[in-house]
Amino acid sequence: HSIDNVLSKFKQFIDSECAKKNKFAFYGRAIVARLPGFEGSEESVLNDLNHALRIDPGFVQARIQRGQYWFSSKKYTEAIGDFTGAIEAMPQSNASQRLRLEAQVASCYLKLYDVNAVLEYIARVTGGQSDEPSMILTRGKALYLKGDYERALGDLRSYQIGRAHV
């Protein structure tokens, strides 16, 4: 079997599963849309993720992917909504993924230049204590933009020290 034949059969299978309203098929098609041989458009990626979330609004992975889509499209407010929705739907036991998403939310606020929102969000989700490098870096950048250079420098030094031990 040629690779083209295999890809064709795979596309047919995914399309048939999408026709059956299979949320995983919509999600999978969105994920592979940019691979060679698939050439999905940005609009088709978003449509597939929207379909998956209409079928199951609590589908965490689809919500994360759509948040990443919004982030890469510079639609940070929409990304915040999806990342926050994913965090809320995620089991408490998934602490590392939760922390990565919380860092993404903080980064979105920073991209919006809402430094107060960055600082308030990080303080709320970390209780003021975080050794997560991306949170420290984002907080340092926000403090710098706010004009609190001394605290910003402290965070950036902590970030450098943390990175040296990784």
Side-chain angles (χ1 to χ4, degrees), residues 3-139 141-142 145:
I3 189 73
D4 291 335
N5 188 27
V6 171
L7 286 176
S8 176
K9 295 255 189 235
F10 181 70
K11 286 180 194 177
Q12 288 173 357
F13 172 74
I14 291 290
D15 290 343
S16 72
E17 288 299 306
C18 286
K20 297 175 190 173
K21 305 290 187 221
N22 180 331
K23 70 179 182 181
F24 297 107
F26 284 112
Y27 173 74
R29 189 165 66 182
I31 297 300
V32 300
R34 293 190 190 107
L35 296 175
F38 288 91
E39 289 88 33
S41 68
E42 292 295 314
E43 185 178 332
S44 71
V45 169
L46 183 59
N47 285 337
D48 282 340
L49 292 170
N50 286 338
H51 278 297
L53 287 165
R54 274 195 293 279
I55 294 166
D56 180 2
F59 189 3
V60 172
Q61 292 309 110
R63 194 160 294 281
I64 292 169
Q65 283 299 317
R66 193 172 68 178
Q68 290 172 342
Y69 170 87
W70 291 130
F71 188 88
S72 67
S73 300
K74 299 181 186 300
K75 295 187 177 185
Y76 304 114
T77 303
E78 290 87 343
I80 289 167
D82 275 333
F83 291 144
T84 301
I87 291 165
E88 290 168 356
M90 187 178 294
Q92 288 291 331
S93 60
N94 202 340
S96 64
Q97 187 174 29
R98 178 181 295 277
L99 187 58
R100 283 192 304 275
L101 287 176
E102 289 168 345
Q104 278 287 101
V105 171
S107 180
C108 289
Y109 283 124
L110 187 63
K111 294 283 188 180
L112 292 168
Y113 291 97
D114 191 344
V115 294
N116 290 329
V118 172
L119 298 172
E120 290 168 14
Y121 182 78
I122 291 174
R124 182 168 45 83
V125 299
T126 66
Q129 303 295 316
S130 178
D131 58 359
E132 168 61 32
S134 58
M135 286 287 211
I136 294 169
L137 181 61
T138 301
R139 186 178 60 205
K141 288 177 180 179
L145 290 172

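Note that these values count all heavy atoms, side chains included, but never hydrogens, waters or copies made by symmetry. What you see is a predicted model, and the numbers here were worked out from it, not measured in a lab.
- Here the shortest heavy-atom pairing between Leu49 and Ala62 reads CD2-O, 4.0 Å.
- Between the CG atom in Leu101 and the CD atom in Gln68 there is a gap of 8.0 Å [rounded to 0.5 Å].
- Of all non-hydrogen atoms in Arg63 and Pro57, the two that sit nearest each other are NH2-O, 2.9 Å.
- Side chain of Ser16 to main chain of Phe13: a donor-acceptor pair is present (N/O by atom type, distance under 3.5 Å, no hydrogens or angles).
- Annotation: the span from Phe26 atom CZ to Ile31 atom CD1 amounts to 14.0 Å, rounded to 0.5 Å.
- When all heavy atoms are compared, the tightest approach of Val115 to Ala142 is CG1-O, 3.7 Å.
- With sequence neighbours excluded, the residues satisfying ring-ring contact (aromatic ring centres under 6.0 Å, His included) with Phe24 are Phe59.
- Sequence neighbours left out, not one pair with a member in residues 97-115 passes salt bridge (Lys or Arg N to Asp or Glu O under 4.0 Å).
- For the atom pair CD1 of Ile64 and CE of Met90, the computed distance is 4.5 Å after rounding to the nearest 0.5 Å.
- Between Cys108 and Trp70 there is no side-chain heavy-atom pair separated by less than 4.5 Å.
- Nearest heavy atom pair, residue Ala79 against residue Gly67, reads CB-O, 3.5 Å.
- For the pair Leu145 and Val118, the minimum side-chain heavy-atom distance is 4.5 Å or more.
- Pairs engaging residues 46-55 under the salt bridge (Lys or Arg N to Asp or Glu O under 4.0 Å) rule: Arg29-Asp48 [sequence neighbours left out].
- Contacts of Lys23 classified as salt bridge (charged side-chain N to carboxylate O under 4.0 Å, His left out), with partners at least two apart in sequence or in another chain: Asp56.
- Here the CG-OH distance, from Leu119 to Tyr109, works out to 12.5 Å after rounding to the nearest 0.5 Å.
- The side-chain heavy atoms of Gln65 and Tyr69, taken from C-beta on, include no pair separated by under 4.5 Å.
- Identified under the side-chain hydrogen bond (donor to acceptor under 3.5 Å, both in side chains) test for residues 116-128, with sequence neighbours left out: Asn116-Lys146.
- To the nearest 0.5 Å, atoms CG (Leu99) and CD (Gln104) are separated by 11.5 Å.
- Applying the ring-ring contact (aromatic ring centres under 6.0 Å, His included) test to Phe83 and every residue at least two apart in sequence or in another chain returns nothing.
- Atom OG of residue Ser107 and atom NZ of residue Lys141 lie 7.0 Å apart, to the nearest 0.5 angstrom.
- Taking the side chain as every heavy atom from C-beta outward, Val105 and Ile87 approach each other to under 4.5 Å.
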